[in-house]
Amino acid sequence: MNKRLLIAVGVIALVVVACVYGYLNYKEGDTVQYKTARIERGNVQSTVSASGTVNPVTQVSVGTQVSGQLKELLVDFNSVVKAGQLIAQIDPETFEYRVRSAQADVDAARAQVLTAQANISASKVQVSRAQLDLDEARRDLARKESLVAQQFIAQSEGDKARAVASVAGESLKGAQAQLAVTEAQIKSVQANVSQREAILAQARIDLERTKIRSPVNGIVIKRAVEKGQTVAASLQSPELFVIAQNLSDMQVDASIDESDIGRVKASQKATFTVDAFAGQIFEGEVKQVRNAAQTVANVVTYTAVIGFSNAGGRLLPGMTANVRVITDTREGVLKVPNAALRMRIAGVEPAPAGAASAPASGAVGQLGSNPLLRSADWVVSALVGTAYAQGAGAGLRDRLVEQLGLNESQQAKLDAILTEYRPKLMALREMPEDQRALERDKVIVPMRAAINNILNKDQKAKYAVLVAQQQARTGGQTLLVELANRQQSRGRVYLLGADGKPRAINVRLGISDGTFTELLVGPGANEVTEGSQVIVGLAQAGGGGTSGGGASGGSQRPSGPRLPF
């Protein structure tokens, strides 16, 4: 009895110790530790991924135009062929007999021509004879009419001579008609000869087509028939061989998803890999984006043709390629890990816009403090459409006054110009992007002219230099318009404050390579700089586990107390 009691007391004590240990461990796990990563400066490439097939630039399918049994195959896979080279032979015996039969028909038709020509000669003789008989009858008629007039012979003799002359005339007409008939017959038999000769030529062509020849210089990459096989050419020519014209310059036909095709343009650089050469990257260039859509299982794709040089012929037709098309590149920019952008901490929100250190005007409002634009001409800054309207006009005015040395009278005129064009600049904000560029020029050109009119000779020269420098530095409108267009994506990152608590900051983002995302100017940019540590995940102290980006709470408790056994 005492032994059972001791065992029970021991078990209870063990349970109590385990519960206390688990409770303490559970409380310690309530302390949150964050994983951080450093914001770096470097290059970011935006890419589109797709799969495709390696194909020759030009490949020809060789078929046959006549039916028959393959008597000879003179080439095989990988055979190098020349244009016009004999590569296969269809049994020609049937076609040879057709040629002989057609030749006999031609000979018979030509004999008919000779017969018709003899008939013409005979008809011409008959015409000549009838003509002579007619001439003789006419002469006899003339003599007898003269004798009748002198009453040397009876009138009946003259009538008889007249009748004979009439008969001779009709005989001549008959002979001439027979000549016309024989001439028509010779044309008929001559046409028959042409017809038979055409049939003979067709038979000879069919006989020649029994010899399959290569249409191009290249290499045989496919042979679809065997010796002795019968091929039938009906509505569609059967495929016997496929010949690739050149395996040194090849292409990848990549299927681009419709959601990405708008980013793919001709002349963009591309890289791809194939399973046959694992770890090796091949380079190419987008040669063409085909407009024809392909729909498979309700998925719409478009074909992008990527050309590359196949030095050494290592890549073979039909290989599967994993393609990455480089659609955009940023060099020397701030980049933030994508894990930091996926991170969410419940209850931690950004400070109100009015308390932020950045101006409330957003990306455009930051242009005045951007070092790149610090010496920019106010006209060029106005190219983004809303700089002056959002409050940056005062800073731009001061820089213009300082750099050009404007006096009080000129400053007053400048203020009047800025006041006049301010509503027009504000109106640019409401316009679609495709119209904004055109309307922007209509505002800037008269603004430049107006500001130029209030300057003296020296100031005009300085002003021209400022504009030229800015255009050379930014490529005219390119940089600022690009900044305006790029600042479309927003995100949020978390920094650890001095008290160890996270602070949420809204940022503006550019392109992404899947691992890092470009960080642009915007709210929070003064705090999120190169070297800043951003939160990319969280871990429980003492738990040994981590939670990556995308956590939904500031802490994650273990599912239960960990017992010591």
Side-chain angles (χ1 to χ4, degrees), residues 32-51 256-264 268-273 279 281 322-351 356 358 362-363 366 482-497 501-540 545-556:
V32 179
Q33 292 183 348
Y34 296 97
K35 294 176 60 178
T36 61
R38 181 174 176 270
I39 293 181
E40 303 174 350
R41 185 175 294 277
N43 301 337
V44 180
Q45 285 185 341
S46 176
T47 61
V48 170
S49 299
S51 62
I256 309 295
D257 190 86
E258 62 176 327
S259 60
D260 296 325
I261 193 64
R263 300 161 55 195
V264 180
Q268 289 178 338
K269 300 298 181 181
T271 60
F272 65 94
T273 60
I281 298 177
N322 300 312
V323 181
R324 294 175 70 248
V325 180
I326 302 174
T327 59
D328 204 351
T329 301
R330 299 284 187 268
E331 297 181 355
V333 298
L334 291 180
K335 55 182 184 179
V336 60
N338 287 353
L341 301 174
R342 294 191 298 266
M343 186 69 186
R344 288 296 179 268
I345 302 177
V348 181
E349 298 295 332
Q366 289 295 320
E482 179 184 1
L483 287 174
N485 291 335
R486 284 164 54 190
Q487 296 171 2
Q488 301 297 327
S489 177
R490 298 185 181 187
R492 178 181 299 178
V493 297
Y494 296 88
L495 301 180
L496 283 178
K501 294 182 179 181
R503 292 187 299 110
I505 298 177
N506 287 334
V507 293
R508 294 189 181 271
L509 308 173
I511 65 174
S512 175
D513 61 6
T515 304
F516 291 89
T517 298
E518 178 190 11
L519 182 63
L520 299 176
V521 294
N526 293 333
E527 300 180 64
V528 183
T529 58
E530 182 178 2
S532 297
Q533 297 290 334
V534 292
I535 298 175
V536 296
L538 51 87
Q540 295 291 341
T546 61
S547 173
S552 60
S555 62
Q556 294 184 347

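Residues satisfying the salt bridge (charged side-chain N to carboxylate O under 4.0 Å, His left out) test with E349, not counting sequence neighbours, are R492. Among residues two or more places apart in sequence or in another chain, the side chain to side chain donor-acceptor pair (under 3.5 Å) test is passed with E40 by none. Residues satisfying the ring-ring contact (aromatic ring centres under 6.0 Å, His included) test with Y494, not counting sequence neighbours, are none. Applying the side chain to side chain donor-acceptor pair (under 3.5 Å) rule to T271 yields no partners; only residues at least two apart in sequence or on another chain are considered. With sequence neighbours left out, S259 forms a side chain to side chain donor-acceptor pair (under 3.5 Å) with D257. Scored by the side chain to side chain donor-acceptor pair (under 3.5 Å) test, K269 finds E285 as partners (sequence neighbours excluded).
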Where do L496 and T36 land on the side-chain contact (heavy atoms from CB on, under 4.5 Å) test, with the steps shown first? CA-CA 9 Å; L496 283 178; T36 61; 4.0 Å; yes
Is there a side-chain hydrogen bond (donor to acceptor under 3.5 Å, both in side chains) between N338 and S512 once you walk through the steps? CA-CA 8 Å; N338 287 353; S512 175; 3.3 Å; yes
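Atoms OH and CD1, from Y34 and I345 in turn, are 4.5 Å apart once rounded to the nearest 0.5 Å. Rounded to the nearest 0.5 Å, atoms OG1 (T47) and CG (D260) are 9.5 Å apart. Interatomic distance, K35 NZ to M343 CE, rounded to the nearest 0.5 Å: 10.0 Å. Between atom CG of residue L334 and atom CZ of residue F516 there is a gap of 12.0 Å, rounded to the nearest 0.5 Å.
Across all their heavy atoms, I256 and A50 have their closest contact at CD1-CB, 3.5 Å. Across Q45 and T329, no two heavy atoms sit closer than the pair CG-OG1, 3.8 Å. Nearest heavy-atom pair across A340 and V336 is CB-CG2, 4.0 Å. Contact record, S51 with N322: CB-OD1, 4.5 Å, taken as the closest heavy-atom pair. The two residues R41 and E530 make their nearest non-hydrogen contact at NE-OE1, 3.3 Å.
In this structure, the side chains of I511 and T517 stay at 4.5 Å or more apart for every pair of heavy atoms. Put simply, the side chain of E518 does not reach to within 4.5 Å of the side chain of K335, judged on heavy atoms. Considering only heavy atoms from C-beta on, T529 stays 4.5 Å or farther from I39 through its side chain. Between L495 and V534, the closest side-chain pair of non-hydrogen atoms falls below 4.5 Å.
A side-chain contact (heavy atoms from CB on, under 4.5 Å) with S46 is found for one member of V325, T327, I326 and no other, namely T327.
Summarising the local packing, CZ of R324 is surrounded by 12 or fewer heavy atoms from other residues, nucleotides or ligands at distances under 6.0 Å.
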